[in-house]
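Have a look at the structure below before the remarks.
First the proteins, then the strands, lettered A, B, ... as listed; each starts at 1. Heavy atoms only: backbone and side chains are in, while hydrogens, waters and symmetry mates are out. Note that this is a predicted model, so its numbers are computed, not measured.
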Amino acid sequence: MTDLVRRILVTSALPYANGHIHLGHLVEYIQTDIFVRFQKLRGHQALYLCADDTHGTAIMIRARAEGRGERELIAAMREAHLADFGGFQIDFDHYGSTDSEANRTHCGEIWQSLRNRGLVTTRDVQQLYDTTAGVFLADRFVRGTCPRCQTADQYGDSCEQCGAAYTPADLVDPVSTLSGTRPEVRSAEHLFVTLEQMHGFLNDWTQRSGALDPRIANYLAGHFLGEPLRDWDISRPAPYFGFEIPDAPGHYWYVWFDAPIGYLAATSEWCAAHGDSFDAWWRRDGAAPTAEIHHFIGKDITYFHTLFWPAMLEAAGLALPKRVHVHGFLTVNGQKMSKSRGTFLLARTYLDHLDPGMLRYYYAAKLSGGIDDLDLNLEEFAAKGNADLVGKVVNLASRTARWLEQTGLAAQYPDDGGLFATAAADGAAIAEAYEACDFARAMRTIMQAADRANAYVDAEQPWKLAKAGPESAAKLQEVASVSLNLFRQIAVYLAPVLPVFAVQAGELVGGPITSWNESQRPLTGQPVGTFRSLMRRIEPAQIEALLADSLKLSGTPPTHPTPSSQPGTKGTTSMEQHAAPSDSGEPLAAEPLAPECTIDDFTKIDLRVARVVAAEEVPEAKKLLRLTISLGGDATRTVFAGIKGFHTPESLVGRLVVVVANLAPRQMKFGLSEGMVAAASGAGATGVYLLSPDSGALPGMRLH
RNA sequence: GGCAGCGUAGCUCAGUUGGUUAGAGCACCGGCUUCAUAAGCCGGGUGUCGCCGGUUCAAGUCCGGCCGCUGCUACCA
């Protein structure tokens, strides 16, 4: 089959050491792992490399908050990450860390290349300096009074009250959160990469190299490459958890500089451990690179991997990616993962309740290599795993292995009507789909083989042969041998997706699966082990337990067993639901109750009756109406309310509404909004319903 | 509003360079089977392929214009 042994270096994006792995992360790691396992099964030399992304301000702040050093924090998170990945059978060839000596070395080399090519420039940036702590202060480390609305205790970059944006130097009475002293304005030098000098190269690489999906290339052309590329600020002054820049003491490489270089460092570390050569993977010798480089990333970090990173590699004379595989985000039951809905699913929580193979298969069945978001519909997840893996695939072995325990496989492969040969021929198409990361297509083709195999068993009725007695024994052995061979063939095809299942299938019959080629020849005469459960069905209770645990972890009590809340489709309108005699549970299910609050919490919010005295369209606004409301007497407020399209200005004037009267003013594009009008709304834009007090209520009355 | 993407059976989707009566899985209904983890097999679809127009011998597939939805962004206080 395959002609040459390819050398394929594959990476997933480095997970940040500031949080745990969740099912969204796993879309990427499972996808990458399947790709790598497939390549290895085909006989290619593939390396799956990854690392923890450990540097940056967030880590530093978190470590301080936890009262421990950064390295202690990242070591603990590394353990947790590795345990999660292991649980999902993600098989890295090497898992490094951006906080390694190898990475420091590679950062230095790339840096020197940028210097040599004249791509580094410096520019002064005005920053506040803490004379007591002796450090420049990032925006987050400064608080002070807003220069615009005079609100105290605001961060250095923007005001939470009026929304004004400014620099820390603009703050009135600034205070350093590190020392509590008043910082002074100093000018600090930052280092920049003048990306514009690489513009021609980036145009060419993004549009013509074939490394990118056309949609991604188009996005880059439209958003960035159509105008001069801005300089990239790649240094941060101390305090910063990271690597100090060797020729610029006091400056540290920004985390997004050293993170992708972690791919190089991981390669070096793996090579050191295996006696291989880094240069053979990354160095460009003449026109033809010796290895293929594949990056798998989420669409949120496209910019870094398709502009900065190739520019860095190009400047350093290193090999460019053959392909950057960009995938979408994970949604759960059609919506973003949500802690309050209990659908923020951590890897660990999943593993407490369900089989990782089921998720690997589900993702495989939904991934087609595009950048579309992937929806984890929990009902479909259970149905698909149960029907395909348990009902079709495992069932093949489960229903026939027992008849071969004594005799083993038939000595000669029987006439199966061409079933094995057909599925063997399908191998080329399945491999092609794997290669293109269209795993969904591969799974469909494999399941068709399973369908044909089950139909065969049904037609041959081996259970009748078993009852018929000794004269049917040979025929029984033949039928069961066909069935088990088809089963093993499918196990080979599924091995990249379900490695544990593949091992167990091999234990049952035929030994370890080591090569894709094993799908091409039936086995004969081999012993058959005792069938034992290979994969268990997903029970609804397990999914409920998963969701309940996820809710607990987010600190929200489970309000009720989560029904399968299909997002409302166009069939029923809100109006119809109003008329229904019994109310649907859908709105509550769509937005479960918030965590319990105390009466003190509630009294912080001053809700008042108010009268709309004026209402007008804001022509340029899509959702907003400008309301003038009266709290009685001459106390009036201007409020922008997002109710355009649901209410006309004329219908509002004169009516009573409920407002949040002590809400901090908010600067909006069309003016300052001085409160919020209370309204009910469901998930999605199903409607907005203003609250009205009973008649007799007067403006200014408070809600108790 | 800007940018991008998507609109095919109740649901999730497949439809390769335009080419026979538009498909799969799930769900649902009927029948069969009982070896198997309440698994399996057979049968059952009058779908305006979002709408309108265009190109073509031929369009779900290409082009244009609308409508709707989603994501990012913006004004969701």
Scan [X] against the nucleic acid and name what it touches under 4.0 Å (heavy atoms): base, sugar-phosphate only, or nothing.
X        : value
A:Met535 : base
A:Val660 : nothing
A:Leu396 : nothing

Between [N] ([atom2]) and [X] ([atom1]): distance, integer Å:
X        : N     : atom1 : atom2 : answer
A:Leu212 : B:A4  : CG    : P     : 17 Å
A:Tyr456 : B:C35 : OH    : P     : 18 Å
A:Asn377 : B:C13 : CG    : C1'   : 12 Å
A:Ile216 : B:G5  : CD1   : P     : 10 Å
A:Asp375 : B:C26 : CG    : C1'   : 15 Å
A:Asp388 : B:A24 : CG    : C1'   : 11 Å
A:Leu389 : B:G25 : CG    : C1'   : 13 Å
A:Gln542 : B:U37 : CD    : P     : 17 Å

Nearest heavy atom decides the nucleotide; on that basis, is A:Phe329 or A:Ser368 closer to the 5' end of RNA chain B?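 In this pair, the answer is A:Ser368.
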Salt bridge (Lys or Arg N to Asp or Glu O under 4.0 Å) assessment of A:Asp416 paired with A:Arg452: CA-CA 11 Å; A:Asp416 64 1; A:Arg452 292 192 299 265; over 6 Å; no
Hey, is the side chain of A:Arg441 poking within less than 4.0 Å of OP1 or OP2 on B:G15, counting only N and O atoms?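 True: A:Arg441 side-chain N/O within range (under 4.0 Å) of B:G15 OP1/OP2.
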Phosphate oxygens OP1/OP2 of B:A4: is one of them under 4.0 Å from a side-chain N or O of A:Lys299?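 No, because none of the side-chain N or O atoms of A:Lys299 sits under 4.0 Å from OP1 or OP2 of B:A4.
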Check whether any side-chain heavy atom of A:Val659 lies under 4.5 Å from a side-chain heavy atom of A:Arg637, and answer yes or no.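 In short, these two side chains do not touch, never coming nearer than 4.5 Å.
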After noting the C-alpha distance and the side-chain angles of A:Asp355 and A:Arg360, does the key distance pass the salt bridge (Lys or Arg N to Asp or Glu O under 4.0 Å) rule? CA-CA 9 Å; A:Asp355 179 350; A:Arg360 291 179 63 104; over 6 Å; no
Report yes or no: is the cationic atom of A:Lys299 (NZ for Lys, CZ for Arg) closer than 6.0 Å to the six-membered ring centre of A:Phe329, at no more than 45° off its axis? yes
Please list, for nucleotides 40-45 of chain B, all pairs of protein and nucleotide N/O atoms separated by less than 3.5 Å.
residue: B:G40; atom: O2'; partner: A:Arg399; partner atom: NH1; Å: 3.3
residue: B:C41; atom: O4'; partner: A:Asp458; partner atom: OD2; Å: 3.2

Using purine N1 to pyrimidine N3 plus N6-O4 or O6-N4 for Watson-Crick, or N1-O2 and O6-N3 for G-U wobble, each under 3.5 Å, what pairs with [N]?
N     : value
B:A24 : B:U12
B:G47 : none
B:U70 : B:A4

Classify the ring geometry of [X] against [Y]: parallel below 30°, tilted from 30° to 60°, perpendicular beyond 60°.
X        : Y        : value
A:Phe308 : A:Trp232 : parallel
A:Trp256 : A:Phe304 : parallel
A:Phe296 : A:His325 : parallel

Run the salt bridge (Lys or Arg N to Asp or Glu O under 4.0 Å) check on A:Glu432 and A:Arg441 step by step: do they pass? CA-CA 10 Å; A:Glu432 202 177 308; A:Arg441 177 195 295 275; over 6 Å; no
The side chain of [X] lies closest to which of these nucleotides: [options]?
X        : options             : result
A:Arg444 : B:A36, B:U12, B:A14 : B:A14
A:Ala383 : B:U37, B:A77, B:C26 : B:C26
A:Met676 : B:A77, B:C35, B:G25 : B:A77

